[in-house]
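The analysis underlying the following values was restricted to heavy atoms, covering all of them including side chains, and did not include hydrogens, waters or symmetry mates. Sequence lines set the chain letters: A, B, ... in the order given, protein chains first and strands last, and positions in each chain run from 1.
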There are 2 protein chains.
Amino acid sequence: MNTSAEQFGGRASLTRRISDDIRRRILAKEWSPGAKIHSESELSATYKVSRVTVRTALKTLEYQGLVDIRHGSGTYVNDFGRSIPTGLNELRSMSETISELGYDPGMEYKMADIRPATKIEIEKLQLDAPDPVLYLERAVLADGKAVAFSYDTINISSLPEDVVEQMKKGSVFASLDTINSRPIRSLAEVDAVIDKQIGWGEERPTNDLFLLLQQIHYAGDGEPMMYSKTYFMEGRFQFLILRTR
Amino acid sequence: MNTSAEQFGGRASLTRRISDDIRRRILAKEWSPGAKIHSESELSATYKVSRVTVRTALKTLEYQGLVDIRHGSGTYVNDFGRSIPTGLNELRSMSETISELGYDPGMEYKMADIRPATKIEIEKLQLDAPDPVLYLERAVLADGKAVAFSYDTINISSLPEDVVEQMKKGSVFASLDTINSRPIRSLAEVDAVIDKQIGWGEERPTNDLFLLLQQIHYAGDGEPMMYSKTYFMEGRFQFLILRTR
DNA sequence: TTAAGACTAGTTGTAGGACAACTATTGACT
DNA sequence: AGTCAATAGTTGTCCTACAACTAGTCTTAA
C-alpha cells in the first residue's frame, strides 16, 4: 500500500495512499467487474483508518470511473474493462501509459538542446524574458515501434543542473520525481492535423495525419513547468476519455 | 442553490447540490482566480450543512479542476480562465457546451429514422437482436454556423413513445430529462480522420479532415443508451481535457 | 539592522460515534 | 402467486474533537 508513498517519500496523504491501494486491488482483479467490494466499515477496519478516509478514497475512485457507489446498497466495480486505467483523465507520463497498456515503453532522442525560449514558449510558460529552456525532440516507442513524436519545452529556471542533465537522456517525469516536483495538473488541447513537417523515420504515416495533444503542465504552485506537443500516429494509440456528470 | 435540484426534482444529494452551487458561484466570478474562498467551517455554517458535506462538495470541484485545496492553508480558485468549464471531462450535451462557450446553440436535422440496429450498433449498445433504434443525422450549429456533424444511434427499447417522437425534433438530452433518465457517464474515443463521406453543405471542410469523438453513453444502471459519432471540423471547436493526479 | 527561530491563529486532514435515508431480501399475509 | 411489512445491511449526513500543516507575527541573537 505504498504506490504513491514510494514516489513521494511517504508525504502523500492517508486518503491518497488508501485510494491508490484500492485502485491497485481493483486493477489486479481482486474483485471482478460488477462485483460489490467490501463495505466502507469493513475497509476502514482492515486498513485501520476512519470511515471518513475510506469514503474520501472511494469518492476519488468514483470520479476516476473505477467504481460506482450506490446509496444504501454498496460500492461496485465498474465494467469498463482495461479501458479506463489507460484513459487520459489521469495525468501520467507517456511511458507509464504505454506500460499500463502492456507494452514495453521507450524513447528515441533526436534532439536535446538548451536554448533561449521562443515567443510562443515565453507565452505558454508565462516567462518574462527569453530565458534558457530545455528543448527535446523525441519519438515515443511501444515495443520498439514509434507511436508518436513529441516536441517538449521545459522551464529549467528553478531546476538543479544535474536534474536537467538527466532529462537530456532519460524520462522527464522520472527526473522530476527525484526532486519530488512532478507536475500535478495539465491542460490539454486536442486537434486533428495534417502536417508534412512532423516526424521522421520509416514508420512515419504517408498521409501526414496526426492527432495532436498540446498540453501545458503545471506544478503544485500553479507555475507552468512544461509545454509539450505530442503528435500521435492515427491508429497506433487509442485515446479514451471518461466523461461523468 | 438548485441547478441540479431542478433537473432531478430535488432528488440530488445534498453534497451534489452544494457542489453545484459553489461551482455556479465560482463561474459567476464571485471569487477571482487565485483567490481564497471561504473556509469549510464558514461554508458549512452559511449552507447550514455539516463540514463533511462541504468537504465532499469541495473535493468534487477539486477533481473538476476548479479549485485547489491546500492543507493548513485554504481552498483557492484555480486560474484556468474560461477553459475548464467547457472541457470534455464533464458530460454535457453539445448544446449545453456550446451555450457555455457563449454561442447560440442549434441543431439541423438531416435524418431521423427508426430502423433495425446494424451489427456494429448491436455490439456497441449491447443488444441481443436487431431491435429498432432511433438513428439521427444532424449538423451541430453555433450561432447558426455548422461546427460538427453528428451521427447518433439511440436504444429506444425502454423509452416511452412520446419521448422518442420528441427526440426526432428536439434535443436528445432535453427529451431524456423529461423522464429523468439522462446518461450519467460516457466513454469517448478520440481519433483524427480523413473521410470524404462525412458531412454536407457549404461549410464542410475541403480537406476532409475531422476530429472524431466516438462515444457510448451509459445510464445509471450501466446499460448503454446511445452510441454517437460526432465529427468536428478542425479549428471551429476547441477540445480541452483537464488531467490531474 | 537583519536573519533565524519560536509562537500563534487559522485551516485542512483524520478520528469515532451516532443517526437518517435508502436498498435488497426475507417472511407473513392475502 | 402476489402484495406488503419487517429487517438487516449499506451509504449519506451530522457532531465533536484533535492532529497536521501553513502563513503570518513576534522574539531573540548575531
Side-chain angles (χ1 to χ4, degrees), chain A residues 1 4-5 8-22 31 34-63 66-78 180 184 219-223 245, chain B residues 1 4-5 8-22 31 34-63 66-78 180 184 219-222 244-245:
Chain A
M1 134 166 159
S4 57
F8 300 118
R11 289 171 46 91
S13 74
L14 193 48
T15 297
R16 173 77 198 236
R17 269 156 28 216
I18 303 289
S19 164
D20 276 357
D21 192 60
I22 299 178
W31 299 282
K36 176 153 77 168
I37 74 173
H38 301 155
S39 74
E40 296 176 354
S41 314
E42 280 183 277
L43 288 171
S44 83
T46 56
Y47 280 115
K48 290 190 174 53
V49 298
S50 82
R51 215 189 112 204
V52 175
T53 305
V54 170
R55 272 183 68 71
T56 313
L58 288 177
K59 270 285 181 189
T60 305
L61 298 181
E62 187 182 39
Y63 299 141
L66 260 75
V67 300
D68 199 7
I69 306 177
R70 299 186 202 145
H71 185 187
S73 174
T75 301
Y76 299 80
V77 175
N78 263 329
N180 199 17
I184 62 158
D221 58 7
E223 292 296 310
R245 285 187 57 85
Chain B
M1 149 167 148
S4 57
F8 300 119
R11 289 170 47 89
S13 74
L14 195 46
T15 298
R16 173 77 198 237
R17 267 153 32 213
I18 304 288
S19 164
D20 276 357
D21 192 59
I22 300 178
W31 299 281
K36 176 153 78 167
I37 75 173
H38 301 153
S39 73
E40 295 175 355
S41 315
E42 280 183 279
L43 288 171
S44 81
T46 56
Y47 280 115
K48 292 190 171 53
V49 299
S50 82
R51 216 190 110 203
V52 174
T53 305
V54 169
R55 272 181 68 71
T56 312
L58 288 177
K59 273 284 181 190
T60 304
L61 298 181
E62 184 183 42
Y63 200 81
L66 259 75
V67 301
D68 198 7
I69 306 177
R70 300 186 201 146
H71 185 186
S73 173
T75 301
Y76 300 80
V77 176
N78 264 329
N180 200 17
I184 62 158
D221 58 6
T244 52
R245 284 187 57 83

Participant: If you check the Ser73(B) side chain, which of dA23(D), dT11(C), dG13(C) turns out closest?
Facilitator: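 So the side chain of Ser73(B) is nearest to dA23(D).
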Participant: Students often get this wrong, so: under 4.0 angstrom with heavy atoms, is Thr15(B) touching a base, only sugar-phosphate, or nothing?
Facilitator: sugar-phosphate
Participant: Please report, rounded to the nearest Å, how far the P atom of dG10(C) is from the NZ atom of Lys36(B).
Facilitator: 11 Å
Participant: With side chains defined as the heavy atoms from C-beta onward, is the minimum distance between Asn78(B) and Leu66(B) less than 4.5 Å?
Facilitator: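 No, every pair of side-chain atoms sits at 4.5 Å or beyond.
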Participant: Considering just the side-chain nitrogens and oxygens of Ser50(A), establish if one lies under 4.0 Å of OP1 or OP2 belonging to dT14(C).
Facilitator: no
Participant: Which heavy-atom pair separates Ala12(B) from Arg17(B) by the least distance, and what is that distance?
Facilitator: O-NH1, 3.0 Å
Participant: Any base atoms under 4.0 Å from Arg70(B), or only sugar-phosphate, or nothing? Heavy atoms, all strands.
Facilitator: sugar-phosphate
Participant: Which whole-number value in Å describes the distance from Leu14(B) CG to dT11(D) C1'?
Facilitator: 14 Å
Participant: Using whole Å, what does the distance between atom P of nucleotide dT23(C) and atom CD1 of Ile69(A) come to?
Facilitator: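 That distance rounds to 15 Å.
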Participant: Do the side chains of Thr53(B) and Tyr47(B) get nearer than 4.5 Å, heavy atoms only?
Facilitator: no
Participant: Measure from NE2 on His38(A) to C1' on dT11(D) and round the result to the nearest Å.
Facilitator: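 To the nearest whole Å, that distance equals 17 Å.
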Participant: Indicate, with a heavy-atom threshold strictly under 4.0 Å, whether Arg55(A) touches base, sugar-phosphate, or nothing.
Facilitator: base
Participant: Counting only side-chain heavy atoms from C-beta out, which of dT14(C), dC14(D), dT12(C) sits nearest to Val49(B)?
Facilitator: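 The answer is dC14(D), which lies nearest to the side chain.
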Participant: Under a 4.5 Å cut-off applied to non-hydrogen side-chain atoms, are Thr75(A) and Leu43(A) in contact?
Facilitator: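 Answer no - side chains too far apart.
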Participant: Quick one: do the Tyr63(B) and Thr244(B) side chains pair a donor with an acceptor below 3.5 Å?
Facilitator: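 On atom types as modelled, these side chains do not qualify, holding no pair under 3.5 Å.
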Participant: From OH of Tyr47(A) over to P of dA15(C), roughly how many Å is that when rounded to an integer?
Facilitator: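 About 14 Å, once rounded to whole Å.
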Participant: Please report, rounded to the nearest Å, how far the C1' atom of dT12(C) is from the CZ atom of Arg51(B).
Facilitator: 6 Å
Participant: Return the value, rounded to whole Å, for the distance between atom CD1 of Ile18(B) and atom P of dG12(D).
Facilitator: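 Roughly 16 Å, once rounded to whole Å.
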Participant: When you measure from the side chain of Val52(A), which nucleotide among dT14(C), dT10(D), dG12(D) comes out closest?
Facilitator: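 Closest nucleotide to the Val52(A) side chain: dT14(C).
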Participant: When you measure from the side chain of Ser39(B), which nucleotide among dT11(D), dT11(C), dA15(C) comes out closest?
Facilitator: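 Closest nucleotide among those given: dT11(C).
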Participant: Identify which nucleotide among dG13(C), dT10(D), dA15(C) has an atom closest to any side-chain atom of Glu40(B), counting heavy atoms from C-beta outward.
Facilitator: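 Within the option list, the nearest is dG13(C).
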Participant: Rounding to a whole Å, what distance do you find between Arg16(A):CZ and dA20(D):C1'?
Facilitator: 19 Å
Participant: Kindly point out which of dA20(D), dG12(D), dA15(C) is positioned nearest to the side chain of His71(B)?
Facilitator: dA20(D)
Participant: For Gly72(B) and Thr53(B), take the nucleotide of DNA chain D holding the closest heavy atom to each; which residue's nucleotide lies nearer the 5' end?
Facilitator: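 Nearest-nucleotide comparison on DNA chain D picks Thr53(B).
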Participant: Establish, with yes or no, whether the OP1 or OP2 oxygen of dT12(C) is under 4.0 angstrom from a side-chain nitrogen or oxygen of Thr75(B).
Facilitator: yes
